[in-house]
Number of protein chains: 2
Amino acid sequence: MARIAGSSGPKTEEAIRRAGLQLLYTHGYAAMSLRQLAGAVGIQQGSLYNYFRNKQEFLFELIRSHMRDLHAALDAALLPEGNGVARLTRFVEFHVAYHIERPQEVFICYSELRSLEPENFSAIVAMRRDYEDKLIEILEFGRATGEFRLADTRMAAYAILAMLSGICTWYRPGGRLSKDEVRETFLGMVLSLVSGVGMEESLPEPPRLAEVSRSGARRR
Amino acid sequence: MARIAGSSGPKTEEAIRRAGLQLLYTHGYAAMSLRQLAGAVGIQQGSLYNYFRNKQEFLFELIRSHMRDLHAALDAALLPEGNGVARLTRFVEFHVAYHIERPQEVFICYSELRSLEPENFSAIVAMRRDYEDKLIEILEFGRATGEFRLADTRMAAYAILAMLSGICTWYRPGGRLSKDEVRETFLGMVLSLVSGVGMEESLPEPPRLAEVSRSGARRR
DNA sequence: GTCTATACGGCGATAGAC
DNA sequence: GTCTATCGCCGTATAGAC
């Protein structure tokens, strides 16, 4: 933890990022002091201001860079090919893997939205909305092909995201379950959920296939 | 908001509780100051200490009393009768209704666990565990009767709880969806999830019925 | 039970030497 | 880029009068 005075630069930046992640995860934004952060990095508190203008900017940049990573990774994982099950499978496998790999960032992105000032808040919520929309698009595609039976696409998307994102609140590496088991089990539950078995009575008429053949197009 | 000096008692206690709920919900424990709380109630900050010994105790009592309410309400709603679907339906309808009725308390109970000191934390987590166990018991019952097909009961319970509890992060009274629609839609999704359609390959053998006929018994 | 006043410490942020 | 020093503010909690 200690540190040679006069040492330097981009290593410090990365160290601040990592320590900040840890502190935000365990204590939260409001309860994390910059003195703590500096202490964890091994520098003096005033030196932090070489890396950000204020505490709020630090949080915002951390969240925003994570959201960018998330989007880039999702775009790489998704392909607008195959049937609804194939597309949903890719989404779920990506989402679960990402949440297992980076639980801290993910958790912070959900829990610290409230700590963002209004402008920053809006920016992040818009990014999150884009992410949700990608899932909704897949669900509507699968609904149009008749693979999925869903009473309400948006609620289904919220349900799926909540259930998958919940993983990072209890999954612990080295615990009872391997990553693969978690991923496969949750994939199975999601596919089962969208199959709509046991709720046929209350479903609205599925849309005609012709109406949604432009389903590769941007929605929004 | 203003208030006549010298006025009194149990009305203040209730006012503090309500204002505290609101502030904890919107700002979080660490970011909520007792000055804010007193201001919202319309008393001076020092007067708060007639109602609790310190800020931590205030949070703990708020959470604990809510958890007690939750348990009592669940016990009233559940009956150890009927098949797995009937039991699960009662659980889900109760859980959704409760989360829609009291989203603030529910949200706080999830998000502010981290703000509890170790002893208090343990007490609340134990209560939450009891709640989870009641769902797990229902899932195991339905699995034993052959109604439910689940690769892993505990993961299914976590998935269901996360997806239902997520409701209180987006549901707004007066929005697009009525309480009844939300309740019925989520019930449908849960029942569909536990039906296990689309994941038959990877399932373990279901337990024999005889082995679990003591399923009304306490587990733990 | 409420008020006023205050103790005491930690907070974010800045200034200036090296 | 880092350090030391410091400013002004706000936090929780307490004491004592009414």
Side-chain angles (χ1 to χ4, degrees), chain A residues 1-24 26-63 108 112 114-120, chain B residues 1-20 22-24 26-63 112 114-120:
Chain A
M1 283 295 158
R3 174 177 218 275
I4 297 92
S7 67
S8 52
K11 300 187 72 165
T12 305
E13 179 157 27
E14 179 59 17
I16 292 173
R17 196 191 153 83
R18 298 178 84 87
L21 221 50
Q22 180 64 38
L23 287 170
L24 287 172
T26 54
H27 302 303
Y29 178 75
M32 174 195 81
S33 78
L34 295 184
R35 290 176 214 271
Q36 270 184 303
L37 178 57
V41 175
I43 61 175
Q44 293 301 310
Q45 182 250 9
S47 302
L48 290 173
Y49 287 85
N50 289 309
Y51 297 92
F52 48 74
R53 278 185 307 149
N54 53 51
K55 192 185 177 188
Q56 170 73 199
E57 188 193 88
F58 175 67
L59 175 66
F60 177 56
E61 289 302 330
L62 205 75
I63 293 180
I108 292 166
E112 296 301 349
R114 66 156 65 157
S115 304
L116 291 170
E117 289 164 6
E119 210 165 324
N120 296 337
Chain B
M1 284 295 156
R3 174 177 220 272
I4 298 92
S7 66
S8 52
K11 299 185 73 164
T12 305
E13 178 157 28
E14 179 58 17
I16 292 172
R17 196 191 154 82
R18 298 179 84 88
Q22 180 64 38
L23 287 169
L24 287 172
T26 55
H27 302 302
Y29 177 75
M32 174 196 81
S33 78
L34 295 184
R35 289 180 217 270
Q36 271 184 302
L37 177 59
V41 175
I43 60 175
Q44 292 302 309
Q45 181 252 12
S47 302
L48 290 173
Y49 287 85
N50 288 310
Y51 296 92
F52 47 75
R53 278 185 306 147
N54 53 50
K55 192 185 176 187
Q56 169 73 198
E57 188 192 89
F58 175 66
L59 175 66
F60 178 55
E61 289 303 331
L62 205 74
I63 293 181
E112 295 300 349
R114 65 154 64 155
S115 304
L116 292 169
E117 288 164 7
E119 210 164 324
N120 297 337

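All values below were derived from every heavy atom in this structure, side-chain atoms included, with hydrogens, water molecules and symmetry-related copies excluded. Small disclaimer: the values here were computed from a predicted structure and weren't measured. Lettering follows sequence order; numbering is per chain, from 1.
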message: Could you tell me if the side chain of Tyr29(A) sits less than 4.5 Å from the side chain of Ile63(A), heavy atoms only?
response: no
query: Does a side-chain heavy-atom distance below 4.5 Å link Phe58(A) with Ile16(A)?
result: yes
Length of the line joining [X]:[atom1] and [N]:[atom2], which is rounded to integer Å:
X	N	atom1	atom2	answer
Glu57(B)	dT12(D)	CD	P	15 Å
Asn50(A)	dG16(C)	CG	P	16 Å
Leu37(A)	dG12(C)	CG	C1'	13 Å
Leu48(B)	dA13(D)	CG	C1'	11 Å
Gln45(B)	dT14(D)	CD	C1'	10 Å
Gln56(B)	dA13(D)	CD	C1'	15 Å
Lys11(A)	dT2(D)	NZ	P	12 Å

message: For Gly9(B) versus Tyr51(B), what's the shortest heavy-atom pair and its separation?
response: O-OH, 3.2 Å
Side-chain donor/acceptor of Gln56(A) to backbone N/O of Glu117(A), under 3.5 Å: yes
[N] OP1/OP2 closer than 4.0 Å to side-chain N/O of [X]:
X	N	result
Tyr49(A)	dT2(D)	no
Gln44(A)	dT2(D)	no
Thr12(A)	dT2(D)	yes

query: Quick one: do Glu13(A) and Arg17(A) make a salt bridge, cutoff under 4.0 Å?
result: no
- prompt: Taking NZ, NE, NH1 and NH2 as the nitrogens, is one of them in Glu112(B) or Lys55(B) under 4.0 Å from a carboxylate oxygen of the other?
  reply: no
- prompt: Nearest to the side chain of Ser47(A) - dA13(C), dT2(C), dT2(D)?
  reply: dT2(D)
query: Who are the salt bridge (charged side-chain N to carboxylate O under 4.0 Å, His left out) partners of Arg35(A), not counting sequence neighbours?
result: none
Report all interatomic pairs (protein N or O, nucleotide N or O of nucleotides 7-11 of chain C) with separations under 3.5 Å.
| residue | atom | partner | partner atom | Å |
| --- | --- | --- | --- | --- |
| dC11(C) | OP1 | Ser33(A) | OG | 3.2 |
| dC11(C) | N4 | Arg35(A) | NH2 | 3.4 |

